[in-house]
There are 2 protein chains.
Amino acid sequence: MPLDRRLAKAVTVPSIPKLTKDVEIECAGCPIRHRAVCAKCAPDELTRLEEIKYYRSYEAGQAITWAGDEMGFVASVVRGVATISQTMADGRKQMVGLLLPSDFIGRPGRSSTPYDVTAVGEVTLCCFRRKPFEQLMATTPHVAERLLDMSLDELDAAREWMLVLGRKTAREKIASLLTIIARREATVGVPAMKGRITIDLQLTREAMADYLGLTLETVSRQISALKNEGVIELGTQRRIVVPDIRRLMAETGDDMDGGLIA
Amino acid sequence: MPLDRRLAKAVTVPSIPKLTKDVEIECAGCPIRHRAVCAKCAPDELTRLEEIKYYRSYEAGQAITWAGDEMGFVASVVRGVATISQTMADGRKQMVGLLLPSDFIGRPGRSSTPYDVTAVGEVTLCCFRRKPFEQLMATTPHVAERLLDMSLDELDAAREWMLVLGRKTAREKIASLLTIIARREATVGVPAMKGRITIDLQLTREAMADYLGLTLETVSRQISALKNEGVIELGTQRRIVVPDIRRLMAETGDDMDGGLIA
DNA sequence: CGTTTCGTTGAGTTAAATCAAAACTGGTGG
DNA sequence: CCACCAGTTTTGATTTAACTCAACGAAACG
């Protein structure tokens with residue numbers, strides 16, 4: 001990317017975070033109750049969490065936190081998609097994580113993140129003020145246990161992504177991204193009607209490029225190529241249909257045979 | 001890399017792990033006592049750990065575990081360097097972690113790793129049988145606490161590495177690798193005589209390439225270039241001298257100004 | 001509707017990969 | 001001690017996948 005173009009982006013003024021008063025949700029009826037950091041909590045622990053939690057919403061494109069900023073809370077993503085990214089001094093940008101519902105934001109024990117966290121679509125967080133949350137972690141084991149498990153899963157995901165970034169071709173990178181999202185959508189949503197999966201990724205081509213370590217032009221070209229070959233279909237803008245997930249997985253370069261052969 | 005060359009490597013027969021009976025070390029006198037997973041342990045917890053631990057050594061090039069294999073233990077690296085890597089079906093390889101003394105191997109709750117772990121030089125591990133270790137984690141908080149902290153550090157390191165893999169040039173990648181090693185050496189070893197740091201990386205050019213997502217030829221060329229420009233000096237094979245760490249850091253593309261400006 | 005942001009496509013360039021060969025290293029045994 | 005060997009590293013010539021630059025559609029938006 002040319003320097004002037006990068007710098008132009010680097011100085012883009014961030015939109016000011018808006019605090020939206022959301023409807024309070026009971027933990028018992030929470031959509032991420034069994035997957036988030038609170039998954040293992042007993043009823044009494046949940047009560048304590050409920051006392052210190054509050055909801056907060058961000059609209060598309062808003063910053064949740066900037067690298068180096070103090071963040072007075074930690075949070076779970078309840079709804080929406082957010083990105084974790086790092087930006088170099090000259091504006092080169094790399095996404096290092098994708099936050100989907102139930103994912104955790106923030107690090108207990110550190111008050112500042114080294115990353116930018118940005119809402120992609122509209123995002124709702126379930127926030128806990130840092131201090132009370134840390135106290136809770138120190139006194140009850142279940143939150144810390146779950147957080148360790150989630151962190152190790154994220155570490156595995158990060159390492160899988162390192163293989164994608166370091167060794168895969170542009171085409172394989174695209175296929176890998178779509179496969180990973182499709183897998184996660186399948187876990188949560190409908191059991192995927194006979195292998196036909198619809199991915200509602202709100203990411204722009206540029207955001208995908210930042211995730212994949214590519215340029216947006218290369219992303220666009222590879223998506224077009226996959227479309228022309230019938231591996232994927234483009235629905236409306238930013239909605240991709242995968243007619244046959246195995247066909248897509250065959251393009252990732254991975255070993256495949258993920259055990260789901262009928 | 002051409003396919004035939006990759007396959008030739010993929011079928012290389014692994015050396016058979018050798019079990020060496022090491023001298024028992026008292027935890028109190030252990031070189032990694034205050035940095036490893038046991039760092040926060042109270043004397044009584046240490047006693048319990050001491051009961052279930054044993055040492056095991058591997059020689060250069062030996063596999064500690066293969067992807068998919070069962071691993072009956074978890075362990076701390078006491079001495080030496082090991083690599084964590086992933087290999088694709090066609091032989092493309094990516095290192096996803098570098099294990100230095102005090103780093104932890106294995107995941108509580110999972111008996112098989114998805115990674116290859118290989119000794120680079122001679123390596124000594126402090127091993128704990130899985131089951132007793134998991135019991136210990138469940139009953140005493142300090143091990144789990146420390147492990148969470150270490151995992152989050154590793155996650156940060158993995159994410160930093162994603163930026164390197166995704167967005168940096170070959171030259172910046174080399175500089176980043178050397179800087180990261182130098183930083184860690186400096187933390188542990190001698191306070192680095194007036195900024196002059198000697199890095200005793202036992203990695204081959206190929207291993208560096210696998211870490212950086214490059215070919216070994218590109219690694220060699222970039223190291224030669226840095227040498228010719230006086231940014232680094234080559235001592236004996238696989239030993240690199242950094243006369244001025246800031247000069248090297250300036251080549252990483254990072255923001256720099258790490259607060260150590262006199 | 002203009003306007004702006006986002007996405008596609010084309011033409012030319014370049015950093016790193018590939019292919020190839022020579023030079024160096026360290027260990028082994030005659 | 002030296003010749004040899006296998007593994008490693010360096011260097012050179014060429015190719016290529018992805019980047020850059022540029023222009024043009026297509027949605028989204030007030």
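In what follows, chains carry the letters A, B, and so on, assigned in the order in which the sequence lines appear, proteins first and then strands, with residues in each chain numbered from 1.
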### Query
Under the ring pair (Phe, Tyr, Trp, His ring centres under 6.0 Å) test, which residues partner B:Phe104, sequence neighbours left out?
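Residues passing ring pair (Phe, Tyr, Trp, His ring centres under 6.0 Å) with B:Phe104: B:Phe133.
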Round to a whole Å and report the spacing from [atom1] of [X] to [atom2] of [N].
X        : N      : atom1 : atom2 : answer
B:Leu212 : C:dA15 : CG    : P     : 18 Å
A:Arg171 : D:dT16 : CZ    : P     : 18 Å
A:Ile232 : C:dG7  : CD1   : P     : 13 Å
A:Glu172 : D:dA17 : CD    : P     : 12 Å
A:Leu214 : C:dA15 : CG    : P     : 18 Å
A:Lys168 : D:dA18 : NZ    : P     : 13 Å
A:Ile240 : C:dG7  : CD1   : C1'   : 12 Å
A:Met208 : C:dC6  : CE    : P     : 13 Å

### Task
Give the B/S/- string for nucleotides 9-14 of chain D, one per nucleotide from 5' to 3', where a protein heavy atom under 4.0 Å of the base yields B, of only the sugar-phosphate yields S, and otherwise -.
SBBBB-
### Query
Is a side-chain donor-acceptor pair under 3.5 Å present for B:Thr215 with B:Thr218?
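Present: a donor and an acceptor within the cut-off.
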### Task
Identify the heavy atoms of A:Met162 and B:Leu165 that sit nearest to each other, and give their distance.
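Minimum heavy-atom contact is O-CD1, 3.5 Å.
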### Task
Identify whether any heavy atom of B:Thr169 sits under 4.0 Å from a base atom; if not, whether one sits that close to sugar-phosphate; answer base, sugar-phosphate or nothing.
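Sugar-phosphate only.
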### Cationic N near anionic O, under 4.0 Å, B:Arg239 to B:Glu233
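No salt bridge links B:Arg239 with B:Glu233.
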### Query
Between C:dA16 and B:Thr215, is there an OP1 or OP2 to side-chain N/O distance shorter than 4.0 Å?
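Checking B:Thr215 against C:dA16: no side-chain N or O falls below 4.0 Å of OP1 or OP2.
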#### Entry: Student check: side-chain heavy atoms of A:Ile180 and A:Arg184 closer than 4.5 Å
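They are not in contact (no side-chain heavy atoms under 4.5 Å apart), so the answer is no.
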### Query
What pairs of residues pass the ring-ring contact (aromatic ring centres under 6.0 Å, His included) test when at least one of them lies in residues 197-218 of chain B, not counting sequence neighbours?
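As it turns out, the ring-ring contact (aromatic ring centres under 6.0 Å, His included) pairs with a partner in residues 197-218 of chain B, which skip direct neighbours, are B:Trp161-B:Tyr211.
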